[in-house]
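Heads up: the structure comes next, in structure tokens.
Whatever order the structure lists ligands and atoms in, that order sets their numbers, starting from 1.
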Amino acid sequence: MPTQNHLIKAPFDPSPYADMVEELLNKMTVAEKVGQINLECVDDFEGLTEWNLGSPAEEGSIMDKLRRGCVGAVICRGFEKNTKLQQIAVKESRLGIPLLFGYDVIHGHRTIFPIPLGTASTWDPSILEKTEEFAAKEAYSDGINWVFAPMIDLCRDPRWGRVAEGAGEDPLLASLIAQAKVKGFQTVNPDTGYPYVAAGFKHYCGYGLSEGGRDYDACSINEQTLMMDYMKPYAAAVDAGAMNAMSSFNVLNGEVVTASRYYLTEILREKFGFGGFVVSDYGSVAELIEHRVAGDLKDAASIAITAGVDMDMASGTYLDHCEALYKDDSRFAEAIDEAVRRILSVKFALGLFEHPYNEEHPEFTASSESIELAREVARKSAVLLENKNGTLPLDKSKKYLLLGQLADSLRNMIGTWALCSPELPHHTVKGAMEEGNYSFVYHVGYPMDESEWDADLRASQFDEVLSLADECDGVIFVCGEPESWSGECSGSATLEIPGIQTELLRKLKEKGHRVTSVLMCGRAVACREISELSDALLLAWHNGSEGGAAVCDCIFGDCNPSGRLPITFPYHVGQIPIHHALLSSGRPRERYGRYRNCTAEPLYPFGYGLSYSEIRYNGAVIDNPTLSADDTLRVRVEIENLSDIPVCETVQAYFKDNVSSVPTPERKLCGFAKAELAPHSKVEVALLIPASRFALMTRDLREIVESGEFTLFIGHDSTCKLSLPFTIE
Ligand code: GLC
């Protein structure tokens, strides 16, 4: 058993390792130092089918580079593979410095949880700490000791494909989730006393602001909103002890982040106190040439290393040019030495010099606990958007037409960035209904791929569907978008789901069928028609390995849906950007229109979600309605469950600074608490809201809590009306 728990200090503090680092650094040649700041990608998508380590490596191969100490980290998974790579690095290189093995573990590794935008709908950071603990253990067992996660880019534009990977629009919810995920990933391995993996939050910074939802395009926002909203989750990840950050591809407010000393050093290190190392995103050091801020690769290397990018992911630019830079100019030598120190500090903090090899734990992979957790989280991620005339829960004794390609597609259901083979135990909706012995017939409906929309086939297929529906008591329509429509480089100029689905739903409704629609997607999609046509609408998201089982649990009443939207669902794509914390205007929305041809209101607001229960807010009290700026607002809310079934409510609190020195939002999330209520019961929910959450950002970027009158709004979602005054003196 380990002598001590090497729990990571939060924020990560490299100082305990300084002596060991310095001693090692002084032994290193320049070439070996440059090796540490070089990350190679050797994963399967490198086409490495014959993993042959036996034969002498040819010049320039991975094996050769490892033996020469020219690699500090690799992107690779696979217990056997990574063990062999580590053996070469540790036993065959001159100094035997162990490797970091990094991988994308965005929402689970082998057991897949719902996409992060889906799990954000749980509003439950504690369960997300658990998911990342399981993900870390599965990744560790697969030879990984560093994850390129959590992705915590705030996003208020669902056209951006990577909105799927983050925690939505709100800085408080995203920050609490970021902290929980970092802690979960960096769970201490009881066998070694060190964390299973290092957490690497991304993409620092502001990547979720990609203009027009066009991935990789420039990002811009006023500095006050940037610091008050978009930077908060990154700062929270630093506070939670993350050992790594990934610099983003984008330009932000006129600076290429991967070349920006302001963002990477002055803000991330000097303001937020980050003590770990920064890795570039894939190839983004070399891409400084495409950005036209570097004339050649040596120039790119010199800019990035002095900005604060400590490790070059997969472009080879540092490997090729930093040795010369080191010898050319002491500025670059100092920057390279500092980068190596940061990387070595993390390797010491992970215990890699004591335990360079991961221990194999097959029992970690797809354990019954992780599969059950995947199902529980998928249940809690589901958001009930419509339930007209009590359509749900469905009667298990009836016969249903299960319709839709997504009802039987594991690959689409598990969502984007689920890189490992999904051949593990899983349940699509169809699989879960078969296992649950439900009475149903299945029809694919129509493929989502428009190229297959043959007019004649379409007509015959629709007739088939309609005749099957006539034989059933109801229809369960699993619709939405393919997983390939979300994720990296998957922006969408509209928010539409494949139109054929709405057409099919309309035909079913014309025939008078009752339809429960289940929406699987990776973004806030334009679901107005689906919403109007469906008798019930459950937003399931792309919801992981157990997504189908969770859908059945929800629609057949084995669980009472409790998810709440972490992002605003627009009424129309033209409303974007739209979110709940809009600044006040001289002409209030409720009195002045904003569009001549569209409402200014969203289809579903931030925080929205129904359940099978009626919940009544009986009142709220602020125990300390006058408080100081360093105090905590103490609120008690009585809520009542008027139904016959248990329910979980997420009580939400929003605030308004009645008069502020700079414009502030009409309302903004400042707290929330989940409460389980037994049938026909009342509970008093306590909310403790630090006054620091009522701060504003001045024009000169000072975050301050101004004294004055405030209004607190309490309720079920961001449109809640129950309000209470309070004063900060
Ligand atoms: C990708 C993504 C990043 C990922 C990295 C390694 O381009 O931007 O999120 O971690 O490359 O796969």
Side-chain angles (χ1 to χ4, degrees), residues 38-48 71-78 82 100-109 115-117 132 135-136 139 142-155 160-167 178 181-182 185 197-210 213-217 219 233-234 237 242-252 256-258 276-288 290-291 304 309-317 415-420 483-484 486-491 522:
N38 174 46
L39 181 154
E40 296 276 350
C41 178
V42 292
D43 197 12
D44 287 331
F45 49 80
E46 284 282 293
L48 287 171
V71 183
V74 295
I75 294 177
C76 193
R77 62 171 280 251
N82 287 4
L100 286 167
F101 293 97
Y103 211 75
D104 291 288
V105 181
I106 311 302
H107 50 112
H109 184 55
I115 56 169
L117 190 61
E132 304 317 28
D142 202 19
I144 294 159
N145 57 27
W146 169 32
V147 293
F148 307 142
M151 190 282 208
I152 46 178
D153 303 332
L154 209 72
C155 182
W160 189 49
R162 306 198 75 168
V163 66
E165 302 171 48
K181 289 189 170 183
V182 167
F185 278 128
V197 300
F201 66 88
K202 68 185 184 185
H203 306 79
Y204 180 81
C205 53
Y207 186 21
L209 283 155
S210 297
R214 297 183 300 275
D215 207 358
Y216 314 131
D217 267 7
C219 305
Y234 305 126
M243 294 191 241
N244 165 254
M246 182 184 291
S247 72
S248 54
F249 291 124
N250 54 285
V251 170
L252 176 60
V256 182
V257 172
T258 295
F277 75 94
V278 172
V279 66
S280 75
D281 201 337
Y282 201 103
S284 64
V285 171
E287 289 174 8
L288 297 184
E290 293 298 331
H291 278 291
V309 177
D310 302 309
M311 185 182 278
D312 167 18
M313 182 186 284
S315 86
T317 306
T416 186
W417 283 105
L419 300 180
C420 300
E483 65 83 24
S484 60
S486 69
E488 185 170 354
C489 201
S490 303

Using a 4.0 Å cut-off to any heavy atom of [X], which atoms of ligand 1 qualify?
X      : value
Tyr282 : 7 (O), 11 (O)
Phe148 : 10 (O)
Lys202 : 3 (C), 4 (C), 9 (O), 10 (O)
Glu488 : 1 (C), 2 (C), 7 (O), 8 (O)

- Message: Go through it in stages, so that I can follow the logic: the residues are Phe249 and His291, the test is side chain to side chain contact (heavy atoms under 4.5 Å, CB included), and I'd like the CA-CA distance, side-chain angles, deciding distance and then a yes or no.
- Response: CA-CA 10 Å; Phe249 291 124; His291 278 291; 5.6 Å; no
So, regarding [X] and ligand 1 (criterion: nitrogen or oxygen to nitrogen or oxygen, under 3.5 Å), is there a contact or not?
X      : result
Arg162 : yes
His203 : yes
Glu165 : no
Tyr207 : no

- Message: Below 4.0 Å, non-hydrogen atoms only: which portion of Met151 touches ligand 1? Side chain, backbone, both or neither.
- Response: neither
- Task: Check the pair Ile144 / His109 against side chain to side chain contact (heavy atoms under 4.5 Å, CB included), numbers first and verdict last.
- Result: CA-CA 10 Å; Ile144 294 159; His109 184 55; 3.5 Å; yes
- Item | Matching residue for Leu39 among Leu100, Ile75, Val71, Asp312 - test: side-chain contact (heavy atoms from CB on, under 4.5 Å) |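 For Leu39, the side-chain contact (heavy atoms from CB on, under 4.5 Å) test succeeds with only one of Leu100, Ile75, Val71, Asp312, which is Ile75.
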- Task: Identify the residue among Val285, Asp310, Leu288 that makes a side-chain contact (heavy atoms from CB on, under 4.5 Å) with Ser280.
- Result: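 Of Val285, Asp310, Leu288, side-chain contact (heavy atoms from CB on, under 4.5 Å) with Ser280 is met by Val285 alone.
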- Measuring from the heavy atoms of Phe249, does anything fall under 4.0 Å of ligand 1? yes
- Qualifying residues under ring pair (Phe, Tyr, Trp, His ring centres under 6.0 Å), relative to Phe185, sequence neighbours excluded: none
- Using ring pair (Phe, Tyr, Trp, His ring centres under 6.0 Å) as the criterion, list what pairs up with Trp146, not counting sequence neighbours. Phe148, Phe277
- Please assess Glu287 against Tyr282 for the test side chain to side chain donor-acceptor pair (under 3.5 Å), listing each intermediate value before the final yes or no. CA-CA 9 Å; Glu287 289 174 8; Tyr282 201 103; over 6 Å; no
